[in-house]
Amino acid sequence: MSNANLPEPSLDRVDGRLKVTGTATYSAEYQFKNLAHAVLVTSKIAKGRITGLDSKLAEAAPGVLAVISHLNSPGVPGYPSVKQPAERAPIGTAFRVFYDDFVYFSGQPVAVVVAQTLEQARHAASLVQVNYQTEKHETDFEANLAKAAVAQSVQRNKTSPFQDYDRGNPDAIKTAEVKLESTYVFPTQHHQPLEPHAIIAVWEADDKLTIYDKNQGVKSAQGNLASTFKLPRENVQVNSPFIGGAFGSGIRVWPHTIAAVLAAKKVKRPVKLVLGRELMQTSVGSRPFTVQKLAIGASKDGLLTAITHEGIGQTSTYEEHLERTILATRAMYACPNVSTRYRLLNLDVNTPTWMRGPGDATGMFALESALDEMAHELKIDPLEFRIRNHADRDPERNLPWSAKSLKECYRIGADQFGWNKRTLEPRSMERNGLLVGYGMASSLYGFHRHPSKAKAIMLADGSVVVQSATMDIGPGTGTAMTQIAAKMLGVTPQKIRFDLGDSSLPDAPGQNGSATITSVGSAVHVACESLKKKLLALAAAMPGSPLANSRFEDITAKTGRIFPIANPSAGISYSEILKYHRLPQVEVTEESKPGPERDQYSMYSFGCHFVEVQVNPLTFEVRVTRVVTCADVGKIINYKTARSQSIGGIVGGIGMALMEESVMDHRFGRYVNTDFAGYHIPVHADIPQIEVYYVDQPDVYVNPIGSKGLGEIAIVGVAAAVANAVFHATGKRVRQLPITVDKLV
Amino acid sequence: MKPFQYVRPTRLKDAIEAVASDPNARYIAGGTNLIDLMKRGIDSSEKLVDINGLPLKKIEKRNGFLRIGALALNSQVAQHKLVLENHPLLAQALNAGASGQLRNMATVGGNILQRTRCPYFYDPVFPCNKRKPGAGCGALEGINRTHAIFGVSKNDPTQSCIAVHPSDFCVALSALDATVVAVGIQGERRIPFSNFHRLPENRPDLDTNLEKGELIVAVEIPDAVFTKHIHYLKIRDRASYAFALVSVATALDLENNRIKSARLALGGVAHKPWRLLEVEKSLVGQPVSEATFRKAAELAMQGAKAFEHNTYKLTLTPNAIIQALKNAVALV
Ligand SMILES: Cc1cc2nc3c(=O)[nH]c(=O)nc-3n(C[C@H](O)[C@H](O)[C@H](O)COP(=O)(O)OP(=O)(O)OC[C@H]3O[C@@H](n4cnc5c(N)ncnc54)[C@H](O)[C@@H]3O)c2cc1C
């Protein structure tokens, strides 16, 4: 066990100083002499057509350079020409900006105003007159539930994981000794990173585009823009070195990005577009509204006998967003009979997207709530119930786990939390007149690893530059990569610079799916290993070299010196090697990618959360007073940044459990809580002491560094642990998030 | 945001004339509410008269009352010795509002005149009788979880408004019988707090009885004995930095474990701070006990009326009253 609360000699964030002193440059902060400002005009209706768009007043307003809409757009080369007569976009069409007169959701961009200053653009945007022909919209998920269906993309793909799934006997649930059925409602949530999405678009030449953009993947943004604007890939440069949080909102290229690029093309100047907070809910996706029906069966002695899990997720009318909602249920517990169904409901809303722990956070809220309900029904301690149903192999794929220390997580978490002080009955614990509840939940997150490249360069002075087109949306990528490089090369971290967030660097996946350390960390590891080998060979070739006959296994390096393990005093420094060979630098680029191990093992991160809440029996206010979390994510690279990830996940989970919800008025198909006064995320006062523990054992099968993903498992299960604690405190089971005062009255 | 003119007079008279003479002019103090309203196109003032150059910051004890200048910052008032000694309830209420940064910008006058947070008021796409008289009330049959349960008798949809006044400070001012001192072209007048904010009636666009151009120069709080058994309870969707779902300002004077006098006002339940005079009277002479508080809470709810999403307030409000009274006397 390792306690992340203990001071560890973890490397400080390499860019920490830049960030806290405000000297890190974020997308909206780049300076250009002739920068113009763009403000979007967005639709007021949820469905219909634009019958008229009068921009005369706006165009005449001071400072205005252009008003662009479907009527005069310079056009996006990657879009097909508009059909005559025009038709609504078929399912599977990414939203096309200023393309035709159709309205698909309230808040859709219908025009963009470009002006000399932001204030001028904002004012002129208010002068654009848009007339609509309204059609009846459907945005109410629960009212339209009956229309949910198997996604078209799933119908086409027989091997899709979202196909109906039955393990064992699908009817087993009917004959279960004890059976519970419940419906869990998960509201629409939005990522709401503190930094709103922002872009500066610069056309360097007619066929050459540079953007400074908030996103989670410079390479995917580059590829997307290259195909959208029919440009050679290398003619699109994406710069995104600093990102002020994203949580999934930056995985895709969204309409506002295209709008800014079009605007820059039209006015032939760099154009900046920053989304106001009021546009964040309709511009960059959401965690989809999801309804889940769970039936769970168990024997009286506490063994799961059957689970059926149906998930119905919200999507737009033009795209299908699928997520893992029901998938965790197949792998989490040893249950012989499991059936899952996944359906989508197309509504007149903008397309949802991945949000931290996509699908799993939603699905595990339902599954882990249902387990708690069953434990209560069986009068078994909820932790004991989970241990009894622990899956020793992956029951879905019938494969061994690459590594799994969930039982160890349970033990550490329970000990540190003091779980044994929990009384079985709900509403049986009290403190100072307040109801106290203990709740827990398991968590899991699938292992993802993608091919990644890294370049490692040794410079003449013995300093090192490592590069990869990876990202840092907050976890501290540069810090972890610096550590991996430092360890492999035996160079102090202060002599290493890690470059990221630049599309001209070696290929790397975007930052999502908790795959950065596992993929890019592996690439950095192998690139530095290969560099070290190259340097060893160069050292061996030096006259009288003490390393002349050394094999790679027999040497090591420390503080920039490479030496035989058996004879530490006989080394040569990296700078001496380069000096002798008169090399300004030595560099290698390596790729690291997954192999056949994926078919031999089932790979997941596992963990658990323990939560204490206090509930005021008169005013129903819920406060989380303590959290203990423990995860098995393989080898921990940097305790400090890892701990911050875990804390961030818990904070997000508390928000999910108690406050986050985008509320729509379905008469208008429009969100009503479009600012931070209405869309609540936790503030400091909501967050108690959070204790973080890791098993910290390398998973030797997953990759060369033995690390698995941490970013998302940190949030998965938290909402259920809170909801379970609320039930234990009050005896009231809330199955519809968030658990606000009105639901407990 | 419309382009606007900006002036910063240093004499009271110039400021008042500038606003009184121009229908599109408005005072700006901390700007923490007004600027947001302008950005979202809810306020379309064409001239801003910045009053921060006026000498209205003083907090002083006068004969029989405490006088707080209209430009005193929320954070200054909440920390001021005279306030903490004489009217700690005000400090509690102020500190329950907004955030540290906002309280450092927000002024007393601006706080009193802040506008509702009703989402239908805040988004010009929705109908709102307060923003656009006659347009209808989006909240009436919409998302009305945070809305009023008192003082909403109007049934005519073109006139109704079920928005609540968002201020915490004002709830305490109301409980403490404050007076607003305003100066207009006609001179100075004193408006009792109970008559300062309005119920929507047939003019939901008007939040207060202040006349066009009148400048708040101070609030005055009469000397009172409420320093010990006081409590401002704010129930909200998170622990801090959220507007009240329901709030209770209460102050009690006790003698031999009986209530000698009581003050009680609610926030988050009406178009104005909701003072409970009848309940206060009923408490006088009663023993300090949970039973007493329960009876008071029950009485407080007479005439309450809920809408689709705020029925919980019918339970939460009386419970909050009981909790606040218990906290005021440290009764567990
Ligand atoms: C995110 C956020 C959260 C908040 N949370 C809370 C909360 O929990 N509780 C709470 O009570 N408040 C809260 N507030 C509101 C805050 O208290 C007000 O914005 C603030 O008090 C307004 O003061 P100001 O000086 O900035 O007013 P301004 O914005 O400058 O002015 C507001 C109005 O008052 C008028 N005005 C100002 N001074 C005078 C004067 N002397 N005479 C006549 N007219 C005048 C202006 O013309 C304008 O119409 C919050 C605000 C924000 C932005």
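We name chains A, B, ... by the order of the sequence lines, and we start the count at 1 in each one.
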Open item on the list: What's the separation between atom CG in B:Asp237 and atom OH in A:Tyr679, rounded to the nearest 0.5 Å?
Closed with: 12.5 Å

Open item on the list: What I'd like to find out is whether the side chain of A:Val745 reaches to under 4.5 Å of the side chain of B:Leu314, using heavy atoms alone.
Closed with: no

TODO: Heavy-atom pairs under 4.5 Å with chain B are the metric here; pick the option from A:Asp742, A:Asn432, A:Asn616 that has the most.
DONE: A:Asp742

TODO: Check the surroundings of atom NZ in A:Lys743: do more than 12 heavy atoms from other residues, nucleotides or ligands lie under 6.0 Å from it?
DONE: yes

Open item on the list: Is there a side-chain contact between B:Pro3 and A:His123 in this structure, where contact means two heavy atoms from C-beta onward sitting under 4.5 Å apart?
Closed with: yes

Open item on the list: Around atom CD of B:Glu298, are there more than 12 heavy atoms from other residues, nucleotides or ligands closer than 6.0 Å?
Closed with: no

Task: Residue among B:Thr315, B:Thr146, B:Ile235 with most heavy-atom pairs under 4.5 Å to chain A - done: B:Ile235

- [ ] Please name all residues satisfying salt bridge (charged side-chain N to carboxylate O under 4.0 Å, His left out) with B:Lys2, sequence neighbours left out, ordered by chain then number.
- [x] B:Glu46

Open item on the list: Can you tell me how far apart NZ (B:Lys234) and OG1 (A:Thr619) are? Round to the nearest 0.5 Å.
Closed with: 14.0 Å

Open item on the list: Is it the case that over 12 heavy atoms from other parts of the model lie below 6.0 angstrom from the NZ atom of A:Lys44?
Closed with: no

- [ ] Between chain A and each of B:Arg236, B:Arg117, B:Arg145, count heavy-atom pairs under 4.5 Å; write down the option with the most.
- [x] B:Arg145

Open item on the list: Check this for me, if you would: do A:Arg670 and B:Asp123 make a salt bridge, where the nitrogen-to-carboxylate-oxygen distance has to be below 4.0 angstrom?
Closed with: yes

Task: Between CZ on residue A:Phe620 and OH on residue B:Tyr312, distance to nearest 0.5 Å - done: 12.0 Å

Task: Aromatic plane relationship, B:Phe126 with A:Phe668 - under 30° parallel, 30 to 60° tilted, over 60° perpendicular - done: perpendicular

Open item on the list: Using heavy-atom distances under 4.5 Å, tell me whether A:Asn673 contacts chain B through its side chain, its backbone, both, or neither.
Closed with: neither

Task: CD-CG distance between A:Glu621 and B:Leu316, expressed to the nearest 0.5 angstrom - done: 8.0 Å

Open item on the list: Less than 3.5 Å apart, any donor N or O on the side chain of B:Arg40 or A:Thr674 sitting next to an acceptor on the other?
Closed with: yes

- [ ] Decide yes or no for A:Ile681 and B:Arg238: does some side-chain heavy atom of the first lie under 4.5 Å from some side-chain heavy atom of the second?
- [x] yes

- [ ] Name the region of A:Val672, side chain, backbone, both or neither, that has any atom closer than 4.5 Å to a heavy atom of chain B.
- [x] both

Open item on the list: So for A:Ser126, is it side chain, backbone, both, or neither that comes closer than 4.5 Å to the heavy atoms of chain B?
Closed with: neither

TODO: Please look at B:Lys313 and chain A and tell me whether the side chain, the backbone, both or neither of the residue comes under 4.5 angstrom of a heavy atom of that chain.
DONE: neither

- [ ] For each of A:Arg667, A:Glu278, A:Met664, A:Arg122, tally heavy-atom pairs with chain B at distances under 4.5 Å, and name the one with the top tally.
- [x] A:Arg667

TODO: Work out which heavy atom in B:Ala239 is nearest to a heavy atom in A:Ala685; give both atom names and the distance.
DONE: CB-O, 3.5 Å

- [ ] Could you tell me which non-hydrogen atom of A:Asp665 sits nearest to which non-hydrogen atom of B:Gly138, and how far apart they are?
- [x] OD2-O, 4.4 Å

